[in-house]
Each structure stands twice: as C-alpha cells, then as structure tokens.
Amino acid sequence: MSGKQLEKIYEPKQVEDRWYRHWVEKGYFHAPLAHPGEPYTIVIPPPNVTGSLHIGHALNNTLQDILIRWRRMQGRNALWVPGMDHAGIATQNVVERQLSTEGSSREQLGREKFIERVWAWKGQSGGTIIQQLKRLGASCDWSRERFTMDEGLSKAVREVFVRLHEDGLIYRGERLINWCPRCLTALSDIEVEHEDTKGKMYHISYPLADDPNTALTVATTRPETMLGDTAVAVHPEDPRYRHLIGKKVRLPLTTREIPIVGDSILVDLEFGTGAVKITPAHDFNDFEAGERHKLPRLTIFNHLAQLDPKGLKAAEVEETVTSEIQNLPVSKARSKVEQALKARDLLVKTEDHKMALGKCYRCKTVVEPYLSPQWFVKIKPLAEPAIKAVEDGRIRIVPESWTNNYLGWMRDIKDWCISRQIWWGHRIPAWYCTSCNRAAMVEAASSTSSQRAYTFLATAQPMVGRTAPAQCPACQQKDFIQDPDVLDTWFSSALWPFSTLGWPEQTPDLKKFYPTSTLVTGLDILFFWVARMIMMGLKFMGDVPFRDVYIHALVRDAEGQKMSKSKGNVVDPLHVMEQYGTDALRFTLAAMASPGRDIKLAEERIEGYRNFANKIWNAARFILMNLDGPREAVSPKDRPFADRWILSRLNRTIREVTASLEQYRFDQASSHLYQFIWHEYCDWYLELIKPALQNKDSVEATRTRQTLVETFETVQRLLHPFMPFISEEIWQTLPHEGESIVTQRYPAPTPDWDSKETETEFATVERFVSTARTGRSLLNVLPGKALTLFGTARDPEQWTTLVNRQSYAAHLSKGTITADKAPDKWGARVLRLPAEGLIVGIQVEQDVDLRDALVRISKQKQELSKECERMEAKLSNREFMAKAPEDVVAEWRQRIVTLKRESDLLADSERQLQEMTA
RNA sequence: GGGCGGAUAGCUCAAUUGGUAGAGCGCUGCCCUUACAAGGCAGAGGUCACAGGUUCGAUCCCUGUUCCGCCUACCA
C-alpha cells in the first residue's frame with residue numbers, strides 16, 4: 001500500500017482550522033491589483049459590530065463564498081471585501097446597558113468619554129463575528145477589512161453629506177418623524193415594524209360651540225390625542241355635515257373651541273362617522289391636513305411619550321384632567337381620558353378594532369409620531385436613476401420576482417430622515433453660530449454643569465461643511481457648536497461599495513474593482529440597504545454599485561417559524577459546525593437555497609450532508625488504498641468501459657454545476673454534485689472498477705488508476721467552493737500539481753470525455769444488474785451467495801452490450817451470466833423477469849420461499865395490464881388519433897407493444913412460479 | 001385594504017413549451033460483502049389543496065374558492 005492512509009471517519013475539527021490558517025498565511029484570498037484576471041468583486045453585507053453569527057449570516061456568507069471561490073478558481077481576480085458597520089442604535093444600547101450595571105450612564109460620562117468607551121468596547125468584544133466568518137471558511141480579503149467608522153469611510157460620509165447638501169438634496173426642518181421613546185431617537189420609516197394589534201375604536205361626541213345640543217361624533221383609536229386636536233374635518237361633499245364647515249366645536253376636556261374644516265383627502269365618506277379629529281402634532285395624516293388648513297400644532301407628549309404638563313397647559317386642558325394624567329405614559333393616560341369622557345357622557349361607544357401598531361425595529365417599543373427638527377434626504381431625484389438602472393437591466397435582481405417589489409417601493413419612496421439623537425455614529429457636519437442662533441438654542445436633557453449640551457430648534461441656521469467653520473459670515477463671531485445629531489447607520493452603509501474601496505480618493509482599488517459584480521443579501525434589507533446603495537452609487541460614482549443582486553431566503557426552523565431567541569428555536573451555526581463540520585453546514589444551506597422560498601432548516605438534513613462528507617472521505621480512502629502501481633494516461637477512447645462512462649458523466653456534471661452557479665441555482669448545483677458523487681461515482685463507478693484494480697499489473701489497471709486520480713481530483717475541485725475544507729484535505733493527499741486547491745482551475749468540460757454510446761451501454765448494464773438484484777431480493781437469496789443468471793435482449797445493440805459487458809454485469813450482480821437468445825429454453829427453474837426490453841433469468845434453487853416473488857409478479861402484471869388498457873382506450877379514441885402529434889402517437893404505440901410483451905412474460909413467470917410452488 | 005408567493009410521497013422540496021410525477025430525509029425487509037453501518041441492496045408510499053372551464057389530453061393554462069406565508073398601506 002502506498003501513499004497516505006486516512007482515518008476511517010472524517011473528522012472536520014482536525015482539518016478546518018489548520019487549512020484556514022494556512023490559506024490566510026499564504027495570502028490566497030488577497031486580490032492583487034496586478035492580477036491579470038477580470039475582477040470579480042463582492043462586498044460583504046456588513047454585519048453589526050455587536051453581532052454574532054446566526055444562521056442567516058451563515059447562509060448569506062456561504063453563498064458569497066461559493067461564488068467567490070468559484071470565480072477565483074475560474075481565474076478571475078476575485079475580491080471579497082469584508083467589514084462591519086457600527087450599528088449606531090444597537091451598539092449604543094449595548095454600552096449603555098453596561099454603564100447602567102455599573103451605576104453610571106452616558107449622560108454622567110459625557111459625550112466624549114462615552115464615545116471613547118464605545119471604541120474600547122469595540123476593541124475588546126466587538127467584532128467576534130469576524131472570527132466566526134473565518135470559521136465558516138469565508139475567503140475574504142482580510143487585508144481590506146473595513147469598518148463604517150474608520151477614518152476613510154467617515155470622510156466619505158462627510159463628503160457625501162456636504163455634496164448632497166450643496167445639491168439641495170439634504171435639508172433640515174421640523175417634521176413629524178417616527179420617534180422611539182426608549183432609544184430616544186428618530187427612526188426612518190423603514191426602521192418601524194408594523195404589527196397587527198387588537199385595539200379599540202372610540203367614538204367621541206364633540207358638541208357644536210353655538211349649539212351644544214348638537215354634536216359631531218368623531219372616531220379614534222387614540223383618544224388621549226384628542227387633547228391636542230386643533231380641528232375636526234368632514235368631507236366637503238357630505239350632505240350630513242357640509243353645512244357645518246366654518247363653524248366650531250367645543251373640544252371636550254379643554255376650554256378650547258376648534259374649527260370644522262372640509263377636507264376630501266383626510267375624510268373618507270364611507271368610513272367611521274364621517275367626521276375626523278385632526279391632531280397635527282401626533283399623527284402623520286393630520287400633520288398634512290394641518291398644513292393644508294394652516295392649523296396650529298399642539299404637542300402634548302414629551303420625548304418619553306408621556307403627557308407633558310406644559311403641553312397640556314398650552315392645549316388648555318382642564319386642570320382636573322391635567323392633574324389626573326400629567327406625566328403618565330400614553331398607555332396609562334388613555335384609560336383616564338376614557339373615564340373622563342364617560343363621566344361627561346361624551347363617549348358614544350367603543351368597539352374592537354384591528355390595527356397595525358408601529359414598533360421600533362431595534363427594541364420593539366411602540367413608536368410615536370413626534371414633532372421635531374430633523375435632517376432629511378430629498379429622495380425623489382436620487383430614486384429616479386435608481387429605478388431606471390433596474391428597469392433597463394443595468395442591475396439585475398435575482399430571482400426576478402423581487403424586481404417589482406423594488407420598483408414599487410422606489411416609485412413611492414418618501415424623504416429619508418437621517419438624523420439620530422444618539423452619540424455613536426457619524427456626527428452631522430453642520431455647525432451653528434452661537435450668537436446668531438441664541439434664540440434657537442435649548443439646553444438639552446443630557447446637559448450637565450461640566451458639559452453643556454444643546455439642541456437646536458427648527459429655526460436655527462446650520463452651516464454645513466467638511467470642517468468646522470472658522471468664522472461666522474453673518475456676525476464674524478468664532479464660537480460654534482456642532483449639530484449634536486449623528487447620521488443613520490444606513491447612511492454610511494449606503495456608500496459601502498465605494499467607500500470601502502477608498503472613495504472619495506480615486507484609489508487604484510476603486511478604479512479596478514468598482515462596480516462590484518454581485519451583491520448577496522436577504523430580502524429584509526432590500527430597501528434599507530440595497531436601494532440606498534444603488535441611489536448613492538449612481539449619484540457619486542456615476543455607475544451602478546453592482547450588476548446582480550441575488551436575494552436569498554430567510555432561514556426558519558423546521559416548523560417554518562421565524563427563529564428568535566425568545567422562542568428558543570434558533571439553530572446556532574457555531575454549534576452546528578462544531579457537531580457536524582463546517583462543510584456539512586455549508587452544503588446544507590446551499591442545497592436548500594431554492595429561489596423564492598424560505599428555508600426550513602431541520603437538523604436531520606445537516607446530518608445527512610455530514611454523512612455525505614464522510615462518504616467522500618471513504619471514497620478517498622478506497623482510492624488511496626488502490627493507487628499502488630503505474631498509471632498510464634491514454635486518450636479516453638482507449639480506456640476501459642467504466643472509465644469512459646465516468647468521464648462522460650463527470651463531464652456532464654461539470655456542465656450542470658457550472659450552469660447552475662451561473663444562474664445562482666445553488667440548490668441545483670448541490671444536488672448535481674450529491675447525485676453524481678454518491679450515486680454515480682461511489683455506487684457504480686467504484687464498484688465497476690474493483691475487479692480491474694485487483695489485477696494490479698494489468699494494462700486495464702494502469703489506465704483505471706489514472707482515470708481514478710484524474711476524476712477524483714477533478715471532483716474535489718468541482719466540490720471545493722461548496723465544501724472547501726474536506727476537498728482541500730483530500731486533494732492534498734491525491735497526486736496533484738500546485739500548492740493548494742484554492743488556487744487551482746475550476747473544472748471545465750473536456751469534449752473528448754463525452755461518450756453517448758458508453759452511457760447507453762451503461763444504462764443496459766445498470767438495468768440488468770438492478771433486475772437481477774430485485775430477483776435476488778424476491779427470492780431471498782443472501783447477498784453473499786452467487787447467482788446463476790441468464791440474459792437476453794430483443795434490441796441488437798442491447799444484445800451486443802449484454803455480451804460485451806457481461807463481466808461488469810456479472811460482477812455487480814454477484815453471479816455468472818449466460819447470454820442466450822432463447823429464453824424459453826433456459827429451463828423450468830429459471831425465473832424470467834422483464835426489464836424494458838431486457839429479460840433477466842435467475843436460476844431458482846430448491847427449497848426457496850417463492851411467495852414474495854409470486855405476490856410481486858402478480859401485482860406487477862396487474863399494473864401493466866391496467867396501463868395497457870388505459871393506453872388502448874387512448875389509442876382507440878378517434879379525436880386523440882386525429883389531433884395528437886404524430887410522435888406522441890408513435891411513442892404510445894411503441895410503449896404498448898413493450899408493455900404487452902412484458903405483461904405476457906410476467907404471466908408466464910407467474911405460471912412458472914405457481915408450478916414450482918405446487 | 002392593496003400586491004406577491006405558496007399548497008405535489010409521512011416531512012422538506014424539485015420537475016414539466018400541457019402527453020408514463022422525481023430527489024433527500026424518514027419508513028419497511030434483508031445484509032457487519034476488507035472504502036464507508038455516518039454503510040450496501042431491495043422495497044412501500046402520490047385522485048400533484050378544492051370547484052369549474054379550455055383541450056384529444058391538465059399537476060402544469062384560465063376563472064373562482066379555501067388555507068398558509070411574506071411585503072406594503074393614513075381608512076380616522
């Protein structure tokens with residue numbers, strides 16, 4: 001025995017870490033500028049610096065790694081840019097939680113110290129996910145790792161902000177925004193998750209000011225907001241109410257009177273009572289209605305979503321009511337207001353009502369519409385080119401079905417609120433002159449005696465620039481305060497495809513690798529991230545950020561439930577890798593990545609692919625044990641039958657896997673690999689060649705050993721993008737050239753491996769063997785016992801195959817075969833089984849239990865005759881004969897002949913068996 | 001409310017210009033045959049959600065229904 005001997009069972013742990021370190025040390029993942037290949041670039045969807053690898057990351061990065069390794073092996077200059085984003089709100093939450101366990105807070109620490117603290121945290125425990133990606137085998141170019149808060153990327157953020165502002169695409173203004181009263185910051189529209197909730201609809205009576213006996217009834221789901229109402233709207237064409245437009249109602253629980261206005265946008269004639277209260281400071285629609293009718297805005301909640309005494313006073317709320325509800329959170333105040341209305345007999349009725357409640361996507365707190373000065377991106381001018389790029393195919397979304405989703409959203413896009421009232425992130429590059437803005441400065445809640453902090457009202461005049469201004473152009477003063485807000489994290493992620501490559505500098509990387517090739521991501525961030533990258537890429541690079549967007553599925557648990565920590569149904573990829581090996585996890589995820597379908601991940605599947613890895617491992621063992629002796633590389637046509645066959649099949653597999661990858665059909669590619677390796681290579685090929693190998697010194701053996709090495713080495717390369725570790729480990733033990741499989745060429749089809757004739761011949765052998773084995777099983781012949789077999793075929797080609805390939809068929813059937821054209825003369829104790837034109841005869845020994853065989857053959861005969869009847873009915877249908885295409889008719893005719901013949905033979909066999917039993 | 005997708009073997013999913021329905025896992029039987037029991041061989045299992053329509057022929061095309069997902073939305 002020569003060469004290396006392998007353990008009996010594949011042990012991933014002994015392999016994975018070793019190879020990964022080796023690959024990195026050798027720099028195989030580095031994409032050099034001088035590389036002659038056409039670039040193939042992927043930028044990683046940057047995971048949160050707070051994150052740790054979950055199964056969704058595992059899927060996302062496995063698919064990227066498959067693409068990158070595949071393209072790298074194809075000779076492309078493959079660059080996978082890794083990195084993380086700073087996850088403003090999430091990271092700030094993590095560090096604040098830490099501070100609170102220490103009895104401190106960010107306010108106590110002060111802004112500067114707090115940010116130092118976040119960096120310290122990042123240095124220590126941030127970014128564990130990077131290590132976990134390495135564990136997954138991700139072949140990123142780690143020398144190019146980026147972080148959204150890096151100096152370079154921060155510079156890009158400032159540059160983009162300033163340029164957008166110069167172009168009039170960034171503005172500051174007081175608007176209603178989504179406010180998280182727990183995170184104490186604004187959120188963009190898409191950072192709000194909507195959740196169906198059971199609520200109540202309250203019908204409240206608003207008496208007319210000049211006629212208290214008449215009242216308008218308004219309906220609302222949030223009765224507490226009525227205290228901030230500044231009008232009631234009715235439809236201008238509503239005959240019930242239109243005469244009231246211009247009159248006033250007395251707003252209950254307050255001393256105010258508010259006007260009745262006509263508004264055809266806000267009011268739906270069909271819905272509710274036909275009268276709508278308007279609360280411009282606490283509802284998005286009402287805000288707009290307020291604009292239309294020039295209504296005042298009364299803010300009655302504070303930033304914690306509590307009823308604000310000052311606001312209540314300004315809204316002229318009755319003191320008895322105020323004292324009941326002031327400083328209560330919204331949810332508690334609601335019932336108090338309900339009671340107060342009831343006591344005054346103004347609550348007409350309440351009914352159950354289903355509604356969608358907005359919640360903060362980070363902390364699930366109910367979000368409040370909140371009136372405050374914020375920074376916005378005017379998005380329409382950016383969206384238009386981004387729509388066009390997808391419409392005209394410069395960007396392709398795969399699967400295509402998501403394209404409409406994207407387009408629909410983009411066409412209806414709203415301005416993007418980019419300011420966040422937190423400290424961790426890119427601070428907005430805008431400054432306020434303290435003397436010009438004195439009236440617009442308010443001391444902030446976080447202000448302390450040692451560190452003054454301010455917020456700026458909507459009336460403040462910011463100066464936007466790359467650096468702080470030196471002198472105020474208006475008053476010549478030199479005292480400035482920078483805007484305290486930071487930018488939405490997605491603002492910096494939107495620049496990721498070019499900021500990571502060095503923009504705004506015109507770096508060689510940027511020139512070489514932009515636009516990137518493919519973006520791989522989940523549907524959940526199509527709008528958050530993908531859409532914004534497209535807009536920013538087009539605006540600042542003048543070209544799309546990527547050609548293809550591959551959208552993969554969401555991973556769910558085996559029952560189809562979304563995985564969540566609270567449900568306890570998460571599959572931890574680290575645990576899976578530990579238990580089954582990384583390659584098994586990767587292959588599972590690839591195999592299950594059917595387009596447009598969520599992945600329901602059951603652990604048994606992973607186990608199945610662990611077994612697959614082991615199967616490959618054992619095939620390698622077998623091959624290494626049989627490699628002793630000379631090898632002769634001759635052209636395929638001069639190789640033994642089995643070799644010609646497997647070369648032809650391998651060629652087909654190479655084509656299929658490559659075509660599947662080109663279409664992002666990871667599932668198909670995996671299934672072709674699995675099918676070929678296990679069921680063709682291992683089940684048939686390795687068995688077919690055993691006799692030849694045993695005769696070590698034969699010419700056949702020298703040629704087969706060569707084929708064995710060639711094909712198995714090729715299989716490893718074909719498999720490598722999917723199962724990088726085991727393929728490298730095995731490849732290294734096989735005769736090979738080059739130092740690592742990572743940098744070898746991906747297999748390409750070799751035309752002279754194709755052999756249609758051999759495949760046809762093999763099909764005959766396979767059919768014969770399977771039939772013989774079925775016979776063995778029916779007759780309860782033990783696997784070890786040799787069979788005495790006969791065989792014949794009607795078709796001359798099949799007959800020739802049977803004669804020529806007799807030794808293979810005999811070996812795999814474990815018996816001796818007599819090829820004989822006259823099956824009637826095989827003898828009374830030879831059971832004949834039909835198989836699509838073949839007849840296989842099996843010598844039946846004495847004292848064999850024939851019941852199984854009899855049952856089976858009778859059943860089969862019945863099925864066949866049933867099918868014959870069906871087909872005959874068809875063929876006697878005049879319309880079918882007249883209208884069906886000729887080839888279909890011919891096919892059915894042919895089929896019925898075969899079926900009849902087989903059914904006759906089965907009848908014979910049945911009779912024969914009955915005689916033997918008797 | 002609108003939009004999209006799905007319903008195929010016990011489970012998870014494929015497939016088809018409309019002409020005999022496939023795989024993996026699971027299940028049953030036999031076998032520790034020196035690559036592999038994380039294995040081998042053989043097998044069972046399907047009115048392709050329901051109801052109509054088009055067609056010589058429908059799992060596939062059309063219409064409707066039911067159920068299940070997801071996205072989206074200001075019905076107070």
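Keep in mind it's a predicted model, so treat the numbers as computed, not measured. Lettering of chains follows the sequences in order, A, B, ..., and the numbering in each one begins at 1.
The distance from atom CG of A:D283 to atom CG of A:L176, rounded to the nearest 0.5 Å, is 7.5 Å. Taking CD of A:E368 as the start and NE2 of A:H282 as the end, the distance is 8.0 Å to the nearest 0.5 Å. Atom OG1 of A:T771 is separated from atom CZ of A:R776 by 13.5 Å, given to the nearest 0.5 angstrom. A distance of 7.5 Å separates CD of A:E836 from OG1 of A:T898, quoted to the nearest 0.5 Å.
Nucleotides B:G19 and B:G57 place their C1' atoms 7 Å apart, quoted to the nearest Å. Rounded to a whole angstrom, the distance from the P atom of B:U12 to that of B:G26 is 15 Å. Nucleotides B:A51 and B:C13 are separated by 27 Å at their C1' atoms, to the nearest Å. The same atom, C1', is picked in B:C32 and in B:C70; the two are 50 Å apart, to the nearest Å. Comparing the P positions of B:C48 and B:G22 gives an interatomic distance of 14 Å, to the nearest angstrom. Of the P atoms belonging to B:G52 and B:C60, the separation is 14 Å, rounded to the nearest Å. Rounded to a whole angstrom, the distance from the P atom of B:A9 to that of B:C4 is 26 Å. For B:C62 and B:G69, the P atoms lie 25 Å apart once the distance is rounded to whole Å.
In this structure, a donor-acceptor pair under 3.5 Å is absent between the side chains of A:E656 and A:T653.
Heavy-atom distances to RNA chain B give each of A:R665 and A:A619 a nearest nucleotide, and the one nearer the 5′ end belongs to A:R665. Both A:V888 and A:E687 lie near RNA chain B, and the one whose nearest nucleotide falls closer to the 5' end is A:V888.
Across all strands shown, A:I278 has no heavy atoms under 4.0 Å from either base or sugar-phosphate atoms. Residue A:K690 is in base contact, counting any heavy-atom pair closer than 4.0 Å across all strands shown. Residue contacts shown for A:K814 include a base, since a base heavy atom lies under 4.0 Å away. Using a 4.0 Å heavy-atom criterion, one finds that A:E867 contacts the bases of the nucleic acid, with or without backbone contacts as well.
When the P atom of B:C4 is taken as reference, atom CD of A:E400 falls 14 Å away, rounded to whole Å. One interatomic measurement links the two molecules: OH of A:Y609 to P of B:A38, which rounds to 19 Å at whole-angstrom precision. When the C1' atom of B:A14 is taken as reference, atom CE of A:M592 falls 12 Å away, rounded to whole Å. Put simply, NZ on A:K874 is 11 Å from C1' on B:U20, counting in whole angstrom units. Here the C1' atom of nucleotide B:A38 and the CD1 atom of A:I616 are 13 Å apart, to the nearest Å. If you measure from atom CG of A:N618 to atom P of B:C36, you get 6 Å, rounded to the nearest angstrom.
Between A:A553 and A:L59, the shortest heavy-atom distance links the atoms O-CD2, 3.5 Å.
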For nucleotides 72-76 of chain B, print each protein N/O atom paired with a nucleotide N/O atom at under 3.5 Å, atom names and distance only.
unit_1, atom_1, unit_2, atom_2, d
B:C74, O4', A:N285, ND2, 3.0
B:C74, O2', A:N285, ND2, 3.2
B:C74, N1, A:N285, OD1, 3.2
B:C74, N1, A:N285, ND2, 3.4
B:C75, O2, A:D268, OD2, 2.6
B:A76, OP1, A:H353, NE2, 3.4
B:A76, OP2, A:H353, NE2, 3.2
B:A76, O2', A:A219, O, 2.8
B:A76, N6, A:D268, O, 3.2
B:A76, N6, A:F271, O, 2.2
B:A76, N6, A:G274, N, 3.3
B:A76, N1, A:D268, N, 3.1

Dot-bracket encoding per residue of RNA chain B, Watson-Crick/G-U cut-off under 3.5 Å, | denoting interstrand
(((((((..((((.....[..)))).(((((.......))))).....(((((..]....))))))))))))....
Per-nucleotide protein contact string for nucleotides 39-47 of chain B, where B marks a base within reach and S marks sugar-phosphate only (heavy atoms under 4.0 Å, - for neither):
SSSSS----
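By the neighbour-count criterion of 12 heavy atoms within 6.0 Å, atom CD of A:E886 is sparsely surrounded, having that number or fewer from other residues, nucleotides or ligands. Within 6.0 Å of CZ on A:R240 lie more than 12 heavy atoms contributed by other residues, nucleotides or ligands.
Below 30°, between 30° and 60°, or above 60°: for A:Y370 and A:W179 the angle between ring planes is between 30° and 60°, a tilted geometry. Using cut-offs of 30° and 60° for the angle between ring planes, the A:Y609 and A:F612 rings count as perpendicular.
In this structure, A:Y406 does not reach the B:C4 phosphate: none of its side-chain N or O atoms is under 4.0 Å from OP1 or OP2.
Remark: of the listed residues A:Y681, A:Y674, A:F676, A:Y674 is the sole one forming a ring-ring contact (aromatic ring centres under 6.0 Å, His included) with A:W678.
A:S813 places no side-chain N or O within donor-acceptor distance of the main-chain N or O of A:A810, the cut-off being under 3.5 Å. Of the possible donor and acceptor atoms, one in the side chain of A:W617 sits under 3.5 Å from a partner among the backbone N and O of A:E7.
Side-chain N/O atoms of A:Q668 and base N/O atoms of B:A15 include no donor-acceptor pair closer than 3.5 Å.
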